[in-house]
Visitor: 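Please see the structure below; I have some questions.
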Amino acid sequence: MYQNQILLAIDWILFTEKLVLIIVVVMVSLFVAMYSTYAERKVAAFMQDRIGPNRAGPFGILQPMADGLKLFFKEEIVPNFSSKFLFILGPILAMLTAIMVSAVIPWGDKLFIFGREVTLQIADINIGILYIFGVVSLGVYGIMIGGWASNNKFSLLGAMRAASQIISYELALGITLIALLMITGTLSLNEMVAQQKDNLWNIFLQPLGFLIFLICAFAETNRTPFDLPEAENELMGGYHAEYSSMKLGFYLFAEYVNMFLSGAVMTTLYFGGYDIPFVNDANLVHIIGQNWVTIIEGGVFFIKICLFIFFFMWVRWTVPRFRYDQLMNLGWKILLPLALFNMLVTGALILLRQNHWHF
Amino acid sequence: MEITQILFWFLSALALFGAIGVVASKNPIYSVLCLIIVFFAISGHYVLMNAQFLAIVNIIVYAGAIMVLFLFVIMLMNLNAETEPMKNVYMKLAGVISGLTLMIVLVAALSHSDSANTLMRPGTSVGLTENLGKALFNQYVVPFEISSVLFLSAMVGAILIGKKDVVKNRI
């Protein structure tokens with residue numbers, strides 16, 4: 001055939017398929033993040049016996065749009081002495097690392113469209129969980145660079161707090177993941193979900209591990225009780241004190257995207273992913289067909305994530321913020337030893353089971 | 001050109017530009033950011049060699065942890081372009097000469113090496129998690145454990161140095 005067709009030998013159908021999937025996933029993440037801000041205010045109002053936003057549209061349902069428009073039309077201010085390139089890079093990195101997690105999460109089983117089998121996962125790489133861990137560990141750069149480039153003592157303090165907090169809690173997170181990996185024996189998220197479909201969910205095998213993972217997820221997403229990097233009453237906004245307009249919007253948005261995707265990760269790892277509870281999915285496929293099952297599974301996955309988001313908000317409006325030394329003590333002296341203990345017990349039990357419960 | 005080849009040249013160029021940026025930029029913060037770019041480029045090379053585990057561990061350990069600590073220290077020390085001490089010409093000359101010497105040593109070592117060692121083989125699966133784990137825990141288990149003990153002792157040493165004053169006061 002023609003020379004320039006051989007030049008780039010890409011499977012264009014696969015390429016389009018993945019591109020569409022990426023756009024859909026990113027759009028859904030952003031949409032959920034947008035409505036999380038609305039949900040957060042409604043939940044806060046509910047907890048504090050108020051009404052919450054109710055002016056824009058019925059039940060205030062257009063409030064996030066109004067907020068977004070407001071952020072777009074605000075004046076952009078770049079502080080005079082800041083490094084302009086880094087100042088702009090900060091929010092970009094925060095958003096990028098937040099969204100990159102969505103690439104390896106299996107959002108559902110496979111669909112059959114025009115005779116093609118479409119997997120609802122952007123990239124089924126066999127190091128999926130390590131990829132997530134890597135991206136999460138990069139998430140601190142957005143905050144650090146932004147906080148430093150603001151050239152403001154409070155911003156710098158917020159950035160420092162964020163960095164040390166995220167590094168401290170990453171350790172416990174990683175060791176918890178080791179215990180989980182010992183049980184599943186795979187790093188691929190797709191296979192983990194497949195295992196949980198047929199057997200028990202991992203939460204029943206790793207209750208302590210899940211608890212540690214949950215606490216670390218709170219710390220990694222900078223949510224209350226771990227929102228010291230942006231503690232308003234001490235740091236007047238923390239690392240984003242100097243930001244305005246949509247750059248500030250990106251930081252605030254990245255937090256909600258993080259919340260959504262960490263909910264998705266926890267669901268995938270511990271709550272069976274897109275598995276429909278109490279139903280044998282394989283039987284259901286025979287009754288109503290693969291496509292419908294996949295759509296229902298996607299919906300179930302979404303409901304599970306929404307429950308997690310609600311939990312994040314619930315905690316935010318009930319638990320007060322930690323003091324900084326308490327935060328460090330919890331991370332290093334309680335969670336890390338607990339995670340190690342969890343890993344040891346898991347390893348011992350697996351060995352015993354391989355030995356048919358004889359010492 | 002095939003896609004892997006294009007990627008190879010792109011990543012190589014990225015790594016080289018990043019490495020030059022580390023040395024050339026005045027502001028230490030930019031140096032660290034350039035170093036992070038280098039690590040990403042190297043990780044890309046690992047992926048091209050089908051060593052996904054190495055690639056992601058490289059990102060987690062170097063870009064995700066060590067570089068964050070570098071950035072942390074530099075930000076706390078608040079090194080700006082203005083406060084940077086002037087280096088004299090002889091120091092720069094010495095740096096260039098030693099750098100070039102190292103390059104000659106590396107190039108000589110590579111050019112005299114067996115071609116099987118230097119050739120990039122895309123079809124291998126040595127770098128996959130399972131194979132790497134088996135190699136580490138069967139063939140190389142003793143060096144692996146010794147290096148982990150080394151890391152542990154380094155950690156204990158760091159804590160000891162950090163707590164020096166407290167120990168003195170008690171005695």
Side-chain angles (χ1 to χ4, degrees), chain A residues 6-11 15 81 83 85-86 89-90 93 97 100 104 123 125-145 147-151 153 155-157 159-168 170-171 173-174 177 181 185-188 239 332, chain B residues 1-7 21 25-37 39-40 43-44 46-47 50-82 125 127-133 155 159:
Chain A
I6 307 165
L7 186 71
L8 286 178
I10 301 176
D11 185 354
F15 184 76
F81 292 107
S83 153
F85 173 68
L86 292 183
L89 189 68
L93 279 181
T97 48
M100 264 167 76
V104 291
I125 49 180
N126 59 13
I127 46 162
I129 186 77
L130 284 179
Y131 169 85
I132 288 180
F133 195 63
V135 173
V136 165
S137 66
L138 293 176
V140 67
Y141 281 116
I143 294 176
M144 278 190 90
I145 289 172
W148 183 80
S150 302
N151 204 11
K153 286 196 178 75
S155 300
L156 187 64
L157 272 177
M160 292 293 133
R161 282 184 175 190
S164 38
Q165 170 181 326
I166 290 179
I167 290 178
S168 310
E170 239 167 43
L171 291 171
L173 190 79
L177 279 181
L181 294 181
T186 174
L187 292 167
S188 157
Y239 57 88
W332 288 99
Chain B
M1 281 209 285
E2 286 178 48
I3 291 178
T4 46
Q5 236 172 337
I6 297 173
L7 283 175
S25 54
K26 290 263 181 206
N27 192 332
I29 299 270
Y30 283 104
S31 289
V32 171
L33 294 180
C34 285
L35 199 51
I36 294 167
I37 292 176
F39 284 136
F40 269 91
S43 281
Y46 282 141
V47 171
N50 208 11
Q52 299 157 350
F53 183 75
L54 276 183
I56 201 70
V57 165
N58 188 34
I59 286 182
I60 292 174
V61 173
Y62 284 96
I66 293 180
M67 282 300 114
V68 172
L69 290 179
F70 268 47
L71 212 57
F72 199 88
V73 171
I74 289 172
M75 283 177 179
L76 279 182
M77 292 204 302
N78 202 17
L79 292 172
N80 288 324
E82 300 95 55
S125 54
L128 295 182
T129 318
E130 195 185 344
N131 303 332
L132 198 69
M155 267 158 66
I159 292 173

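Remember, predicted model here, so these are calculated numbers, not experimental data. In what follows, every chain begins at residue 1, and chains take the letters A, B, ... in the order their sequences are listed.
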Visitor: Measuring heavy-atom distances to chain B, does A:Leu156 have an atom under 4.5 Å in its side chain, in its backbone, in both, or in neither?
Guide: side chain
Visitor: What closest approach, in Å, do B:Phe72 and A:Ser164 show between heavy atoms, and which atom pair accounts for it?
Guide: CE1-N, 4.0 Å
Visitor: Given that the side chain runs from C-beta out, which part of A:Leu187 has a heavy atom under 4.5 Å from chain B: side chain, backbone, both or neither?
Guide: side chain
Visitor: Got B:Ile74 and A:Trp148 here, is their nearest side-chain heavy-atom distance under 4.5 Å?
Guide: no
Visitor: For the residue pair B:Leu33 and A:Phe85, establish whether any side-chain heavy-atom pair is separated by less than 4.5 Å.
Guide: no
Visitor: Measure the CD1-CG distance between B:Ile36 and A:Leu138 for me, rounded to the nearest 0.5 Å.
Guide: 8.0 Å
Visitor: Is there a side-chain contact between A:Phe133 and B:Ile56 in this structure, where contact means two heavy atoms from C-beta onward sitting under 4.5 Å apart?
Guide: no
Visitor: Identify the heavy atoms of A:Leu86 and B:Ile29 that sit nearest to each other, and give their distance.
Guide: CD1-CG2, 3.8 Å
Visitor: Testing the basics here: between A:Ile127 and B:Gln52, what is the closest heavy-atom pair and its distance to 0.1 Å?
Guide: CD1-O, 3.7 Å
Visitor: Do B:Ile59 and A:Tyr131 have side chains that approach each other closer than 4.5 Å (heavy atoms only, starting at C-beta)?
Guide: no
Visitor: Would you say OH of B:Tyr62 has more than 12 non-hydrogen atoms from neighbouring residues, nucleotides or ligands within 6.0 angstrom?
Guide: no
Visitor: Take atom OH in B:Tyr30; do more than 12 heavy atoms of anything else shown fall under 6.0 Å from it?
Guide: yes
